[in-house]
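Structure, as structure tokens:
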Amino acid sequence: MRPFEYIRPASVAEAVNVLSERGEDAFVLGGGSAAVVMLRLGVVRPECVVDLGGIEEMRGLQRNGGLHIGALASIRSLELDDGVRAAYPLLAEAASQVANVRVRNVATVGGAVAYGEPQTDTPTALTASRASVRIAGVSGERSVPIDEFYIGPYETVLEQGEIVSGIDVPEAPPHTGGAHIKFTVGSPENKPVANASALVTVDPASSVCVAARVVMGAAGPVPVVADAAGALLGDEPSPERIKEIAAAAADEADPIEDLRGPEWYKRRILRIVVEQALTCALQRART
Amino acid sequence: MCAATSPNVTRLVGQSMPSLEAPDKAAGRIEYMADLTVPNMAHAKVVRSPLPHARIVSIDASEARAMPGVVCVLTRDEVRADPDVEEVYGFVYRDAPLVAMDKVRHQGDIVAVVVADDLDTAEAAAELVDVEYEELPAVMNVPQALAEGAVQVHEEFFPIAPELRPIEGTNVCHHATIGCGDVEQGFAESDFVYEDEFIAPPVQHCALDLHAVISQVEDGQITVWTNCQSPFPLGRELERIFKIPARVIIPYVGGGFGSKSRDRIECVITAAAKLAGRPVRYIFSQEETFMTFIRPAYRNRMRTGVKKDGTIVARHNEFWVDVGGYAISGARSANNTLKVATGPYRIPHARVDCYAVYTNKPPSSPYRGLPTTQHTMSYEAQFDRIARDLGIDRLEIRRRNLVRDGDIHITGDYLRSAHSHECMEQATEAIGWDEPLPVDPEGKKVRGRGVSCTIKYTLTPAREMSENSAEVALGEDGIFEVRIGTVNIGQGSDTVMAQIAGDALGIGLDSIRIIHSDTYRVPVDSSTTASRSTYHMGRAVVEATDNLKPQMLEAASQLLEREATSLVFTPDGIAQANGDAGVTYGELVERVGSPLAATGDCVVGGSYQGPDGNSYPIASTFWTFGSCAVEVEVDTETGTVRVVKAAASATTGTAVNPHSIETQLEGGVGQEIGPTLFEQLVWDDGGQLINAALLDYPLPTMETMPDYAPRYVDHPFEGGPFGAKGMGEIGAVVVPGAVVNAVYDATGVLFHEMPLLPHKIVEGLEGQG
Amino acid sequence: MNVNLTVNGEALAVEVPPSTTLLDLLRDRLGLHGTKEYCHSGVCGACTVLADGKAVSSCSMLAGQVEGADLITIEGLTPEEGLHPIQQAFVDNFGLQCGYCTPGMILLAKALLDENPAPTREEIIRYMGGNICRCTGYAGILRSVEAAVKERGSWS
């Protein structure tokens with residue numbers, strides 16, 4: 001690996017200061033599971049690496065009306081935390097499907113969000129959960145809805161010197177069900193061909209949908225929020241209706257041909273995972 | 001012969017036992033190549049071609065050489081300037097320059113070697129080596145390479161092995177045929193003729209222990225540490241190239257599966273070490289292994305003529321193997337499989353054409369069974385098509401055609417221990433062939449079963465010779481040291497040899513020490529490949545013990561002043577038959593004053609005298625037969641194929657270490673599920689490999705594992721050590737054929753191309769795409 | 001830079017260049033060769049070690065990231081005499097062939113059994129699914145872990 005200077009700030013303020021000072025010479029390290037590989041391969045060749053791992057204030061999960069996920073919280077903590085599993089099962093379910101347990105132990109939620117990789121699971125589920133991203137910079141902190149956070153593959157609204165300091169997820173109303181479905185070729189640890197998260201709220205009296213959100217991953221340059229989910233509102237959809245909505249959602253996606261399949265196939269898989277996610281989410285919302 | 005002969009009892013042979021080194025492996029105490037260092041060692045980084053085919057205009061390494069910490073840079077200029085270095089490597093096909101001379105022939109081809117005090121410096125300096133290329137048109141696959149007017153990857157051919165025959169003026173570096181009867185007559189006599197074409201992709205072995213080498217050239221002597229599977233041929237090649245003696249030392253090897261059988265990197269690094277004047281270490285990165293040795297792309301066009309009852313009358317089989325930029329290994333590997341391309345079937349009229357073709361892909365190397373795996377997939381898939389078309393049961397059509405003892409194979413060999421029927425019956429029974437298949441209530445997932453049968457050769461010289469020796473030496477500590485060239489690559493060879501030596505000597509494992517694969521400490525062996533070690537090295541070990549015993553008796557007889565005929569071997573020493581005091585093995589050596597040692601050879605090749613009194617050629621010392629039955633589940637919506645159950649069966653002769661055989665079969669099946677279902681290397685239009693790393697090249701995991709049911713047929717094989725023969729490749733070889741047939745059974749669609757990627761399955765089922 | 005950490009129970013302060021990975025630190029600086037390298041991208045698991053009890057890929061972490069951490073490598077799992085029960089289970093059940101993936105597999109199994117003393121077969125497969133073995137087809141590894149689970153009562 002090429003030599004670099006290593007800086008481990010102890011606070012967000014210290015981190016954003018050093019990042020703004022060093023500008024393009026600096027490279028941010030979260031958990032490192034993607035960053036260290038990039039450093040080894042020489043994909044990035046920074047003069048200095050800023051390791052956020054020592055920033056205490058960016059750790060942990062807090063529930064207080066909503067869920068605050070410290071940027072340094074590991075994917076695995078999202079998967080295992082009892083509170084998350086109870087109140088945000090969609091997030092726990094998506095987290096449990098990311099790569100392998102070694103990666104999940106180290107990779108951070110903030111890193112997964114900031115990296116902007118389209119072929120992963122956590123951003124899909126966070127988008128479905130209407131999360132917002134807290135961004136820290138020298139001029140202070142701002143919060144951006146996650147729908148507006150992504151610009152393209154590996155491209156976000158983060159400006160030079162800014163970092164993701166945390167993610168806020170609003171608490172879902174009662175009678176909400178969520179599900180995340182990941183489809184891979186070969187082992188489930190592999191990158192998804194496509195994935196989908198569905199979050200649905202039903203009126204317990206009438207059983208009709210009162211809120212519905214469907215987000216597709218590996219479906220385009222950024223997580224794709226399916227407008228087709230709107231058709232669920234006021235409806236108690238039959239399996240056939242869910243199929244139609246899933247097909248409409250898949251049509252909204254913009255997948256590209258890659259090693260995991262041609263475009264037509266990914267669209268087909270998107271239809272299947274959306275259907276499965278919706279079916280499962282509705283079932284959970286009703287129980 | 002004296003009274004004390006080899007005991008016929010087997011106490012170790014036939015016992016399932018974990019490998020001798022298993023506790024050290026579990027403790028992480030075993031040293032592999034990457035764990036070794038030598039004093040004053042420098043580190044190498046190889047400058048590799050980014051282009052698949054290009055002429056080298058210039059190489060400027062001056063900046064790299066000037067970098068502090070850089071020891072030297074090896075380029076074509078240094079190689080050419082050294083009169084004591086031969087420029088070109090290859091002991092089968094001599095076509096690979098140590099470093100690129102005039103041009104590069106594949107992405108990753110070796111252009112220069114930068115040697116520095118540490119690896120970081122070597123890597124940084126390697127980026128400063130300025131190479132100017134003039135890009136040439138590349139031929140990235142066999143059809144392109146065979147097209148009219150295609151650029152020639154090599155202008156001249158240099159086959160070394162006598163059986164290799166290039167076609168001048170083309171990219172065919174080897175074409176050969178094998179046959180029997182009269183194929184045209186056979187087709188004329190057939191009721192039906194079927195023609196199919198099958199394709200299998202290039203894949204990587206992904207042996208986790210990365211290929212690595214340390215080379216030292218000192219005082220006119222080369223010493224190379226490497227995880228190569230062929231230490232003796234490599235040593236001879238080093239001596240030819242550098243004209244000085246070479247010693248090759250192999251530590252424990254973390255898997256090879258053929259990838260480490262004969263790469264040229266040891267010679268390249270030796271040239272660098274010679275230039276550096278100090279030992280040099282080089283360890284491949286995972287990405288580099290993907291550009292250095294791969295299982296070749298394969299295509300097979302097969303015509304088969306049958307009678308109405310399914311009896312095969314004629315077969316013409318043409319197959320093309322993409323050997324990549326250098327044929328250092330691929331051409332002969334392809335040629336070897338001519339012997340098995342028609343399968344374990346009686347075919348009166350057959351012809352097989354083998355074409356090994358240069359392209360600008362990375363060089364090919366064997367992969368656990370060579371193209372036997374792809375041959376088996378091809379003839380077995382076609383066989384199921386024929387069975388279905390003729391309305392004959394799939395097992396029955398095989399029973400009607402499988403070879404039996406005494407049949408004459410296409411090579412002219414007289415087949416012995418040909419228990420392919422038993423293998424098939426065992427494998428199918430093991431998965432519950434006749435039981436009803438589970439039915440998915442939603443109708444999305446369909447199940448099916450498939451079977452395949454195979455025949456596999458082992459490497460066998462064309463003439464009678466001994467390339468396989470062992471030495472057994474009794475030391476003062478009373479330990480019998482068994483010295484073998486077999487590389488311990490994880491297959492359990494040390495254990496099997498200890499079991500064989502122990503029973504041959506009537507002693508326990510505690511009295512045996514295995515010394516393996518150091519060309520200065522063990523006698524010659526050709527290679528650890530092709531399922532050959534148990535048979536060949538096992539026989540050499542038995543013969544060495546047979547030669548040692550008279551020496552021990554003679555020594556004991558003198559010491560005890562008793563007739564040799566009154567002495568008997570015991571587990572601890574030589575005793576007197578009448579119960580008087582004997583001598584322990586340790587004392588025997590101590591009192592003789594020097595170790596007692598003997599060598600043994602395994603002479604193979606030549607001819608076989610059949611029971612009919614006729615003489616038959618031996619194209620393979622033994623043939624291993626095998627079969628696999630699988631049950632698959634096909635998700636018709638997503639196209640996912642899951643192998644639910646898999647039973648592989650092999651003819652093993654006497655099972656020396658039964659559980660080791662079972663785990664070899666499980667391992668072979670588990671590995672081959674990857675290339676069958678999802679592994680394949682992919683190049684973009686610019687000839688760049690786009691998935692040279694595990695992140696983009698997923699492998700089988702515990703989650704893709706089927707329920708295994710390994711089986712074996714253990715009739716002792718005449719001539720084998722305690723009746724044993726080899727089987728290490730069979731588990732892999734039989735998989736794709738069985739899976740393709742199971743998918744055919746489940747869906748009614750016969751797929752002709754591996755891997756069975758989900759989108760291909762959907763295309764096949766729905767005619768999409 | 002200076003890194004303070006505990007490796008196999010021993011508190012250490014190690015001076016390394018910042019670009020050193022945890023894997024390099026263990027292998028090259030501390031001579032703990034039981035931790036292996038292959039893919040160098042967090043996929044294969046040959047480099048698995050335990051950091052504060054959690055299984056991690058040592059290839060994908062910088063040495064600086066384990067400041068203050070408590071690390072266990074295969075050398076630390078292995079008792080002075082004999083083998084740890086999980087190691088013994090791998091030996092007895094043919095859970096290894098070439099042995100290269102074995103230290104990582106055993107440490108991953110240790111992490112699993114520490115988290116979940118009685119995992120089901122499905123839970124074992126899901127947890128162990130990330131680590132690559134090229135020799136065994138995984139059957140022997142699964143048998144080994146299941147055997148270790150059965151023996152779980154006899155060790156801690």
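Per chain, numbering begins at 1; letters A, B, ... match sequence-line order.
- Interface remark: C/Leu96 contributes side-chain atoms only to the contact with chain B (heavy atom separation under 4.5 Å).
- There is no contact between B/Tyr697 and chain C, counting heavy-atom distances below 4.5 Å.
- For chain B, the option among C/Thr78, C/Ile124, C/Val91, C/Asp92 with the highest count of heavy-atom pairs below 4.5 Å is C/Val91.
- Crowding of C/Glu10 atom CD: a count of heavy atoms from other residues, nucleotides or ligands under 6.0 Å not exceeding 12.
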- Task: Let me see the working for B/Leu694 and C/Tyr38 under side chain to side chain contact (heavy atoms under 4.5 Å, CB included), right down to the final yes or no.
- Result: CA-CA 10 Å; B/Leu694 287 205; C/Tyr38 172 62; 3.9 Å; yes

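- Here the CD-CZ distance, from B/Glu666 to C/Phe94, works out to 10.5 Å after rounding to the nearest 0.5 Å.
- With sequence neighbours excluded, the residues that form a side-chain contact (heavy atoms from CB on, under 4.5 Å) with B/Ile690 are A/Leu259, B/Val682, B/Asp684.
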- Query: Step by step, would you call C/Arg143 with B/Thr663 a side chain to side chain contact (heavy atoms under 4.5 Å, CB included)?
  - Reply: CA-CA 11 Å; C/Arg143 283 192 290 268; B/Thr663 53; 3.8 Å; yes

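- Considering every non-hydrogen atom in both C/Gly137 and B/Tyr708, the closest pair reads O-OH, 2.6 Å.
- Other residues, nucleotides and ligands contribute only 12 or fewer heavy atoms inside 6.0 Å of the NZ atom of C/Lys54.
- Residue B/Gln204 comes nearest to C/Arg134 through the heavy atom pair O-NH2, 4.1 Å, listed as atom of the first residue, atom of the second, then distance.
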- Message: For a side chain to side chain contact (heavy atoms under 4.5 Å, CB included) check, start with the C-alpha distance between C/His33 and B/Glu31, then their side-chain angles and the critical distance, and finish with the verdict.
- Response: CA-CA 8 Å; C/His33 289 168; B/Glu31 298 227 301; 3.3 Å; yes

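- If you tally non-hydrogen atom pairs under 4.5 Å between each of B/Asp707, B/Leu208, B/Thr289 and chain C, the highest count goes to B/Leu208.
- Closest heavy-atom contact between C/Leu83 and B/Ala27: CD2-CB, 3.9 Å.
- Checking side-chain atoms of C/Gln87 against main-chain N and O of B/Ala26 turns up a donor-acceptor pair under 3.5 Å.
- Atom CD1 of C/Ile125 is separated from atom OG1 of B/Thr704 by 10.0 Å, given to the nearest 0.5 angstrom.
- Heavy atoms closer than 4.5 Å to chain C are found in the side chain of B/Phe257, but not in its backbone.
- Looking at C/Ile106, the atoms closer than 4.5 Å to chain B (heavy atoms on both sides) all sit in the side chain, from C-beta outward.
- To the nearest 0.5 angstrom, C/Cys98 atom SG is 9.5 Å from B/Asn488 atom CG.
- Heavy-atom pairs under 4.5 Å with chain C were tallied for B/Ser660, B/Gly492, B/Gly731; the largest tally goes to B/Ser660.
- Salt-bridge annotation for B/Asp35 and C/Lys36: present, with a side-chain N of the basic residue lying under 4.0 Å from a carboxylate O of the acidic one.
- At least one donor-acceptor pair closer than 3.5 Å links the side chain of C/Tyr138 to the backbone N or O of B/Pro700.
- Here SG of C/Cys133 is found 11.0 Å from CE of B/Met705. Values are rounded to the nearest 0.5 Å.
- Atom SG of C/Cys44 is separated from atom CG of B/Leu695 by 10.5 Å, given to the nearest 0.5 angstrom.
- Counting only distance, with no hydrogens or angles, the side chain of C/Arg27 and the backbone of B/Ala34 share a donor-acceptor pair below 3.5 Å.
- The most heavy-atom pairs under 4.5 Å with chain B, out of C/Gly42, C/Pro103, C/Gly34, C/Cys135, come from C/Cys135.
- The candidate from B/Pro706, B/Gly667, B/Gly674, B/Gly668 with the greatest count of non-hydrogen atom pairs under 4.5 Å with chain C is B/Gly667.
- Looking at B/Gln664, the atoms closer than 4.5 Å to chain C (heavy atoms on both sides) sit in the backbone and in the side chain alike.
- Per-residue heavy-atom pair counts under 4.5 Å with chain C were compared for B/Gly670, B/Cys206, B/Gly254, B/Ser19, and the maximum is reached by B/Cys206.
- For C/Arg126, the parts lying under 4.5 angstrom from a heavy atom of chain B are both the backbone and the side chain.
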